[in-house]
Amino acid sequence: MLNRIQSPLRIALVALALGLIADLLFYKQAIGVSVLVFVLFFLGALFLVGGLERVRTSGKNLWLIGPLLFFAAMIFVRANPMLTFFNICAVLGLLGLLLFFYAADNLDRLGMFGYPVIMALTIWNMLTRPAQVVRPGWQAVAGQKHRVRLAVPLVRGIALAIPVLIVFTVLLSSADKVFADYTNSFFKLEFINGLPNLLWQLVIILTVAWLTGGGYIYAVTRHRPPGDAKPRSENLPGTVLPGRLIGFVEGATILVLVDLLFIGFAWIQVTYLFSGEAQRTLSFEGYRDYVRRGFLELLIVCILTMCLILGLRWATRHFKTSHEMTFKLLATLMIVLAGVMLLSAFQRMLVWENVDYYINTQVRLYVRAFIIWLSITLIWLLFTLWMQNYRFALGAFLGVMGFFITLNFMNPDADVAAYNLSRRDELSVRYLYTMSDDAIPVLAEGLDQLPDNLKYRLQVYLSERLYFLERDKSWRQWPGFHVARWQAYDHLVKLRDEGKLISSVLR
């Protein structure tokens with residue numbers, strides 16, 4: 001159900017102001033603190049519009065603001081491109097959820113399919129809601145025909161005044177040289193050179209105003225049905241009621257057979273991998289290939305295991321209490337065995353990281369963090385299997401947020417640079433070239449610890465980074481302020497002042 005908005009013009013003015021702010025913060029500016037500043041303005045405007053429209057916020061959903069501000073802040077703290085992409089996606093996703101749950105419903109009752117459905121609904125309403133407000137306003141203006149008639153004489157007067165203005169402009173230009181210079185400059189149409197930029201800025205302003213206006217209208221017009229203080233999960237978009245498509249015997253058979261397969265695999269892991277038998281019996285190359293090939297497949301199996309349990313819980317009919325108890329026990333065994341697989345994947349990762357000629361990369365840090373949070377999600381699945389089964393989606397959502405938060409605290413580029421510098425005999429300087437500004441402080445501090453041949457190559461690279469930082473001025477504007485970029489610049493300037501960079505590269 002939707003409320004009518006009291007003042008469309010008020011929302012339009014607020015949205016237009018946000019469009020102007022977005023133009024100031026983002027047009028020809030490096031991404032930095034501007035994202036956090038815009039999010040703060042966006043939130044402030046949302047609560048302002050809600051207050052003016054006399055819409056009461058849904059307090060249980062306001063916790064979304066915490067992670068939203070965290071990810072917006074981390075965009076100007078971490079420079080790693082993949083991490084920046086994750087943070088931007090998290091900001092956009094949380095903004096969409098906040099708009100939808102601003103005044104109605106509870107996020108903790110949202111199902112797994114509800115998240116993509118709600119994001120699609122929010123985007124659709126941001127695109128279409130402004131039209132529903134603009135159309136009546138345009139019709140109201142078109143209905144004022146008597147005012148349109150008043151404008152006709154004004155246009156006619158302007159047309160008649162143009163020849164008079166030309167004559168007087170020529171005479172006044174002949175009388176005053178300064179006035180003539182200004183007149184010549186105007187008629188040379190030099191302002192047209194900047195017209196493409198002005199048009200792009202206008203596009204940014206109007207696009208942001210349209211989308212934010214639509215989002216605000218959608219947020220403040222949603223409300224609870226009368227007398228429904230706690231909406232049921234069935235009321236939320238994307239809710240799929242239990243299908244009960246197969247009987248207990250079919251569902252239990254699937255669980256039993258998969259459990260037997262997992263038991264066999266887990267037994268091999270315990271007796272062959274965890275016991276060290278694989279390392280003792282395989283050759284060096286064979287053992288390295290054995291541990292290298294396993295962890296990705298095991299992660300996929302664990303994800304599919306969660307999907308299988310959730311799917312069977314949705315599709316299986318339970319005619320007796322004993323049937324439901326048996327199903328839960330078999331699913332619990334599957335979750336425990338999936339935990340053994342995750343432990344095997346983590347063990348393989350640790351072994352691979354300690355073999356010779358290993359280059360630590362950000363991807364392996366991502367995988368390590370993903371294994372940990374996938375394990376936590378499996379534990380949450382076990383909890384919701386026995387109680388509060390409708391809350392698994394919320395735990396999975398928090399698991400994704402926790403994964404992104406962990407990556408930000410890990411600072412992958414700095415961690416990878418420190419690890420690889422510690423193994424300087426096997427250091428790949430070319431790989432270090434691909435890292436973001438997050439790694440520069442670590443590389444600068446470890447420069448003196450390298451052998452001369454590697455030190456020179458790293459000096460060349462750091463000199464090039466300083467050259468490009470000084471050449472690009474956009475990041476020095478306040479909207480582009482970035483903690484990692486300024487720290488990198490500060491360390492590089494110190495190296496230059498100490499004479500540790502290559503002067504020929506800096507010129």
Side-chain angles (χ1 to χ4, degrees), residues 14-15 18-19 21-27 29-47 49-50 57-58 61-103 105 107 110 112-130 203-220 222 236-238 366 393-394 396-408 479-480 482:
V14 172
L18 279 174
I21 292 172
D23 174 68
L24 173 65
L25 293 175
F26 299 115
Y27 184 69
Q29 300 286 351
I31 291 181
V33 73
S34 53
V35 177
L36 177 61
V37 173
F38 182 78
V39 168
L40 290 172
F41 275 109
F42 186 94
L43 293 176
L46 174 61
F47 285 102
V49 169
T57 61
S58 180
N61 301 320
L62 294 183
W63 63 268
L64 289 168
I65 295 175
L68 171 61
L69 294 179
F70 172 81
F71 289 117
M74 295 309 295
I75 290 174
F76 77 91
V77 173
R78 297 286 179 249
N80 178 283
M82 182 63 71
L83 205 50
T84 300
F85 173 76
F86 288 157
N87 289 331
I88 291 176
C89 290
V91 167
L92 295 177
L94 289 167
L95 281 176
L97 290 174
L98 184 62
L99 288 174
F100 185 88
F101 289 102
Y102 174 76
D105 301 317
L107 176 63
L110 187 63
M112 289 295 294
F113 293 107
Y115 288 92
V117 171
I118 280 178
M119 292 307 303
L121 278 174
T122 303
I123 293 172
W124 174 253
N125 280 276
M126 291 175 72
L127 291 170
T128 59
R129 288 283 170 190
V203 168
I204 292 174
I205 293 170
L206 295 180
T207 301
V208 173
W210 184 276
L211 293 176
T212 54
Y216 289 162
I217 294 170
Y218 188 48
V220 300
R222 293 188 69 250
L236 290 173
Y366 301 155
L394 177 64
F397 169 71
L398 293 177
V400 174
M401 294 294 101
F403 171 64
F404 290 161
I405 291 172
T406 302
L407 293 183
N408 280 288
H482 198 287

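Heavy-atom basis, side chains included; hydrogens, waters and symmetry copies ignored.
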| request: Decide side chain to side chain contact (heavy atoms under 4.5 Å, CB included) for F101 and L110; before the verdict, give the C-alpha distance in whole Å, the side-chain angles of both, and the deciding distance to 0.1 Å. | output: CA-CA 11 Å; F101 289 102; L110 187 63; 4.2 Å; yes

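- By the neighbour-count criterion of 12 heavy atoms within 6.0 Å, atom OH of Y27 is densely surrounded, having more than that number from other residues, nucleotides or ligands.
- Closest approach of I31 to H482, counting heavy atoms only: O-CD2, 3.8 Å.
- Judged purely by atom type and a 3.5 angstrom limit, N61 uses its side chain to pair as donor or acceptor with the backbone of L107.
- Taking 4.5 Å as the limit, some side-chain heavy atom of L40 sits within range of a side-chain heavy atom of L69.
- Between Y216 and F42, the distance separating the two ring centers is shorter than 6.0 angstrom.
- With rounding to the nearest 0.5 angstrom, the CG atom of L97 is 6.0 Å from the CG atom of L64.
- Going from atom CE of M112 over to atom CG of L394 covers 11.0 Å, rounded to the nearest 0.5 Å.
- Between I405 and F71 the shortest heavy-atom distance is CG1-CZ, 3.6 Å.
- For the pair T212 (side chain) and A209 (backbone), a donor-acceptor distance under 3.5 Å is present.
- Under the 4.5 Å side-chain criterion, counting only non-hydrogen atoms from C-beta, F85 is in contact with C89.
- Using modelled atom types, no side-chain atom of N408 and backbone atom of L83 make a donor-acceptor pair closer than 3.5 Å.
- For CH2 of W124, the number of neighbouring non-hydrogen atoms (other residues, nucleotides, ligands) closer than 6.0 Å is 12 at most.
- To the nearest 0.5 Å, the span separating CH2 on W210 from OG1 on T128 amounts to 9.0 Å.
- Annotation: cation-pi pair R222/Y102 absent, no NZ/CZ under 6.0 Å from the ring centroid and within 45° of its normal.
- Here the side chains of V208 and F26 are not in contact, with every heavy-atom distance at 4.5 Å or above.
- Between M126 and L99, the closest heavy-atom pair is SD-CD1, 4.1 Å.
- Shown here are the side chain to side chain contact (heavy atoms under 4.5 Å, CB included) partners of V117, two or more places apart in sequence or in another chain: L121, P237.
- The heavy-atom pair separating I21 from F41 by the smallest distance is CD1-CD2, 3.6 Å.
- The side-chain hydrogen bond (donor to acceptor under 3.5 Å, both in side chains) contacts involving residues 69-81 comprise N80-Y366, N80-D413, where partners must be two or more places apart or lie in separate chains.
- Residues A219 and A103 share a closest heavy-atom pair of O-CB, 3.7 Å.
- Distance CG/L36 to CE/M74: 11.5 Å, rounded to 0.5 Å.
- The line from CD1 of I88 to CZ of F86 is 12.0 Å long, rounded to the nearest 0.5 Å.
- Atom CD1 of I205 sits about 11.5 Å away from atom CG of L18, to the nearest 0.5 Å.
- For CE of M82, the number of neighbouring non-hydrogen atoms (other residues, nucleotides, ligands) closer than 6.0 Å is 12 at most.
- In terms of heavy atoms, F404 sits closest to A90 at CD1-CB, 4.2 Å.
- A search for side chain to side chain contact (heavy atoms under 4.5 Å, CB included) contacts involving L68 returns V39, L43, V91, L94, L95, L98, not counting sequence neighbours.
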